Peer 1: 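Structure below; questions to follow.
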Amino acid sequence: MSTHRIAIIGCGNLGTALLKGFTENNNNKDSIHIIATKRDITDIKHLAQENIEITTDNAYALKNANIIIFTLKPFKIIKVLEELKVHLNKDRHILVSAATAVSFKDINEVLQLNIPLFRVMPNTAADVGQSITCISANAANESHTKLIKKLFNKIGSSIVIDEDLMQSATILGACGIAYVLRFIRAMIQGGIQIGFDSKTANDIVTQTVKGAASLLIENHEHPEFEIDKVTTPKGCTIVGLNEMEHNGFSSSLIKGIVKSYNEIS
């Protein structure tokens, strides 16, 4: 059994999701000790337990952990790195940044330290062990990468990508949660309009979405392959799909993804 000492610096919504995911979905039963920091710990202090410390002291967290995960907002991370770089050791620490649009170059210019460094883009489904996490590495060897991938696999699944795709990963994987939820909400509203109460519509739609995703994951097929199975000639499915497309369903979604990407590029 391996032991990981992890510091989550800036434990807001994403940091809290990671904290819960690492501990509650620890299928490999690794020994994990987490130190979570936040300027105001009022709303996370209830998470404290034997293997989770809650503190306002970032320096303490770095001194007592070897994997340091920054879940700070992009405009805060550089300032915090400036303050904490004196506590970093390239032979002891692995740094992980979840800050959108903050590059390896930006971080290395502050640290001036050839330290194993990762950028990650998980999403808030980490809270229930169903995140997709995109990972890119800098000055890290294969064992470092395996370790970080194994860690983030505890909250779902992970893939390693080039850094120049991290912005795209932010939009498709992290913002994508909101896009899918908005789609689900619209389906539920439609279900109510055709006769279901809101709870029943919610139950039908959420399981249908889960089933659709599972079909693609398990069968490794393109979505159109599965769509063809339910679009019979002159049937109600193809009529509905065509009406959605006439009103810009696919194009509006694509435009939204591209608009979000341009906003952070």
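This structure is a prediction, so every number in the text was calculated from the model and none was measured.
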Peer 1: Between the side chains of Lys146 and Glu142, is the shortest nitrogen-to-carboxylate-oxygen separation below 4.0 Å, so that they form an ion pair?
Peer 2: yes

Peer 1: Please tell me whether Val180 and Phe249 are part of a single hydrophobic cluster in this structure, the criterion being side-chain heavy atoms less than 4.5 Å apart.
Peer 2: yes

Peer 1: Looking only at heavy atoms, what is the nearest atom pair of Ala125 and Ile177, with distance?
Peer 2: CB-CD1, 4.1 Å

Peer 1: Compare all side-chain heavy atoms of Gln167 with those of Thr100 and state whether any distance is below 4.5 angstrom.
Peer 2: yes

Peer 1: Within the structure provided, determine whether His4 and Leu147 are in side-chain contact (heavy-atom separation under 4.5 Å).
Peer 2: yes

Peer 1: List the steps, then state whether side chain to side chain contact (heavy atoms under 4.5 Å, CB included) holds for Val205 with Phe183.
Peer 2: CA-CA 10 Å; Val205 171; Phe183 162 73; over 6 Å; no

Peer 1: Quick one, Ile204 with Thr200, criterion side chain to side chain contact (heavy atoms under 4.5 Å, CB included). Give me CA distance, side-chain angles, the key distance, then yes/no.
Peer 2: CA-CA 6 Å; Ile204 293 171; Thr200 303; 3.9 Å; yes

Peer 1: With a 4.5 Å cut-off on side-chain heavy-atom distances among I, L, V, M, F, W and Y, is there a chain of contacts connecting Ile192 to Val209?
Peer 2: yes

Peer 1: Assign the ring pair Phe22 / Phe152 to parallel, tilted or perpendicular, where the plane angle (0 to 90°) is split at 30° and 60°.
Peer 2: perpendicular

Peer 1: Treating Ile, Leu, Val, Met, Phe, Trp and Tyr as nodes and any side-chain heavy-atom pair under 4.5 angstrom as an edge, say whether Val120 and Leu18 lie in one connected cluster.
Peer 2: yes

Peer 1: Under the criterion side chain to side chain donor-acceptor pair (under 3.5 Å), I'd like the reasoning laid out for Asn219 against Glu226: C-alpha separation, chi angles, the key distance, then a yes or no.
Peer 2: CA-CA 9 Å; Asn219 293 345; Glu226 299 296 344; 3.1 Å; yes

Peer 1: Apply side chain to side chain donor-acceptor pair (under 3.5 Å) to residues Thr124 and Asp127 and explain how you reach the verdict.
Peer 2: CA-CA 6 Å; Thr124 52; Asp127 198 10; over 6 Å; no

Peer 1: Quick one, Ile264 and Ile171 - any side-chain contact, counting heavy atoms below 4.5 Å?
Peer 2: yes

Peer 1: Determine, using the 4.5 Å side-chain heavy-atom cutoff (strictly less than), whether Ile69 and Ile54 are members of one ILVMFWY cluster.
Peer 2: yes

